[in-house]
Amino acid sequence: MNKAKYPFLDLGLVNAVYADRIKEAVCRVIDSGRYIGGEENSTFERKMSELTEADCIVGTSNGLDALRLSIMALIISGRLHRGDKVMVAANTYIASILAITDAGLTPQLVDPDDDSMLLTGDIVRQNITADTKAIMPVHLYGRVAWDESMGLIAQERNLIVIEDAAQSIGAKAHVKGLFRSSRAGALGHIGAFSFYPTKNIGALGDAGAIATHDPELADICRALANYGSDRRYHNIYRGYNCRLDPMQAAILSVKLDYCANETQERFARAVAYENTISNPLIRKPSISRMPTDSVWHQYVIRCPRRDELQEFLARHGVQTDIHYAVPPHMQPCYSTLPHRPLPITEQIASEVLSLPITPACTSVKDASDIGRIINQFK
C-alpha cells in the first residue's frame, strides 16, 4: 500500500507519544506477579471515576461486554424485563444493538436528528410507546447525545437510561444528567465505555469499562464479569469471563492522564476544518463554543457524492474512513428485525465520510490543507 501524505490513523505514532510510560507500566505489571485484578485495576477505576464523576467504575474486557453486562445488571435488579423495548438511534454501530438483543430485549430503532446525527429528547418524545422502558443515547463520534428534554422525559416516564459512551470519553453535556454528573457515561443509570485501540484513549488490545452511580448495579456487573461470583467459589449468577486485564488497566491509567489534552488537540483540528472547508457540496458537523461537548473521536462530513469524494481525496494523498456504511438494520443478522422506515439513517450511511483528526497523525496545518483539497472537489 502506498503511504498517504495525510494518513487517517497510525497507531504506532499514537502510542509512541506514551511509549516510555507505557513500558514502565507494563514492566510494573510483569514484576508484580499479579495478572488478574489487583492494584492496577483499582488505580484505573479510580481515575475513571474522577474523570466521569461516577461513583462506581467496573473495568471490563471490551466495550461490547461493558454494554452487555450493564443491561444484564438492569435485568437482574428487576429494572428491565425480557422483551422490553430500548429506544436507540438506528445509525449507531452494531455493538449497541447486539447488547440489546443478546439480553432478550427489543431494540426500538428510530431515525436520529438529521443535523447532529444523534438521539434527542424530542425524538424520544415523538417515538415513545407504552413498551418503551429504556433509552440508549449513543454519543456517536464523540458528541454528547443529551439535552434537557431527554432528561425530563426520562424522569416523566421512568425510563432507564443506558449510555453507549464508547466514543465519548471526557465529553461533557451542557446540562446535568439524571444525577449530579454532566459527563458522558454518567448522565444516566449506567454507561459503557470502549478502549479499543482506535479510540481517543485506546488500550493496546481490547478493554472497556462500566460507569454508574448505583453500587448495586456495579456489584452485579463486577460479579457477572467474574463468572457470576461475589467471592471465590460462590457463584450467585450465571456469569461470564469479562474482566479487565491488569496490563491494559496499567496502560490506560497512563493514557487517562492525557485525556484533556487529547480533547483540546482534536478540537483544534476540528476548528481548522470548520474554518477551511467551504465547498457547498460538503455538510460539516456543527462546532459548539463549549469544546468539551464533543471529544471529536471522528470528524465526519457528509456529501451526496461520498464515494466520488473519497476517491478524489485518495488521489490527493488523503486517507479517509466511513463510519458506518451499513446500518445495523440492513445487516444480514438483523434482516428480520422489525422497524419503521428509517430514511434519515439510510441517507446518513450513504453520505458520511470521516477525515483524519488524530493529533499524533494529523497536525492543525494538515487539517487546513485537507480542507483546501476538499474545496477543490467539484
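What's counted below: heavy atoms across the whole structure, side chains too, no hydrogens, waters or symmetry copies.
Salt bridge present: D369 and R372 bring a charged side-chain N and a carboxylate O closer than 4.0 Å. Note on R222 versus D219: no salt bridge recorded, every NZ/NE/NH1/NH2 to OD/OE distance being 4.0 Å or above. Salt-bridge check for K176 with E53: failed, with every basic side-chain N at 4.0 Å or more from each acidic carboxylate O. Between D257 and K47 there is a salt bridge, since a side-chain N of the basic residue sits under 4.0 Å from a carboxylate O of the acidic one. Ion pair R28/E40 flagged as a salt bridge, since at least one NZ, NE, NH1 or NH2 atom sits closer than 4.0 Å to an Asp/Glu carboxylate oxygen.
The two residues Q108 and T132 make their nearest non-hydrogen contact at OE1-OG1, 2.6 Å. Between L159 and I153, the shortest heavy-atom distance links the atoms CD1-O, 4.1 Å. Across every non-hydrogen atom of A103 and I75, the tightest pair is O-CD1, 3.4 Å. In terms of heavy atoms, V29 sits closest to M247 at CB-SD, 3.9 Å. The two atoms that bring K255 and L204 nearest to each other are NZ-CD1, 4.3 Å, heavy atoms only. When all heavy atoms of T276 and S368 are compared, the closest pair comes out as CG2-O, 3.2 Å.
A distance-only check finds a donor-acceptor pair linking the side chain of Q167 to the backbone of Y141 [under 3.5 Å]. Although no hydrogens or angles enter the test, the distance criterion places a donor-acceptor pair under 3.5 Å between the side chain of S229 and the main chain of N226. Distance alone, capped at 3.5 Å, places no donor-acceptor pair between the H297 side chain and the K199 backbone. Formation of a donor-acceptor pair under 3.5 Å by the R183 side chain with backbone atoms of A54 is not found in this model. A donor-acceptor distance shorter than 3.5 angstrom exists from the side chain of N200 to the backbone of V295, with no hydrogens or angles considered. Remark: the backbone N or O of I94 is not paired with any side-chain donor or acceptor of Q331 at under 3.5 angstrom. Proximity of a side-chain donor or acceptor of R283 to a complementary backbone N or O of P304 within less than 3.5 Å is not detected. Counting only distance, with no hydrogens or angles, the side chain of N375 and the backbone of S278 share a donor-acceptor pair below 3.5 Å.
Checked by atom type, the side-chain pair D113/T120 shows no donor-acceptor distance below 3.5 Å. Using a 3.5 Å distance cut-off with no hydrogens or angles, the side chains of Y334 and T101 do pair a donor with an acceptor. For the residue pair Y324 / N91, no side-chain donor-acceptor distance below 3.5 Å is found, with atom types taken as modelled. S149 and D147 share a side-chain donor-acceptor pair at under 3.5 Å.
Interatomic distance, SG of C303 versus CZ of F377, reported as 5.0 Å (0.5 Å rounding). The distance from the CG atom of N62 to the CZ atom of F193 is 15.0 Å, given to the nearest 0.5 Å. With rounding to the nearest 0.5 angstrom, the OH atom of Y273 is 9.5 Å from the CZ atom of R269.
Relative orientation of the H329 and H339 rings is perpendicular, given thresholds of 30° and 60° on the angle between their planes.
Residues L244 and L217 do not share a hydrophobic cluster, clusters being chains of Ile/Leu/Val/Met/Phe/Trp/Tyr side chains in contact below 4.5 Å.
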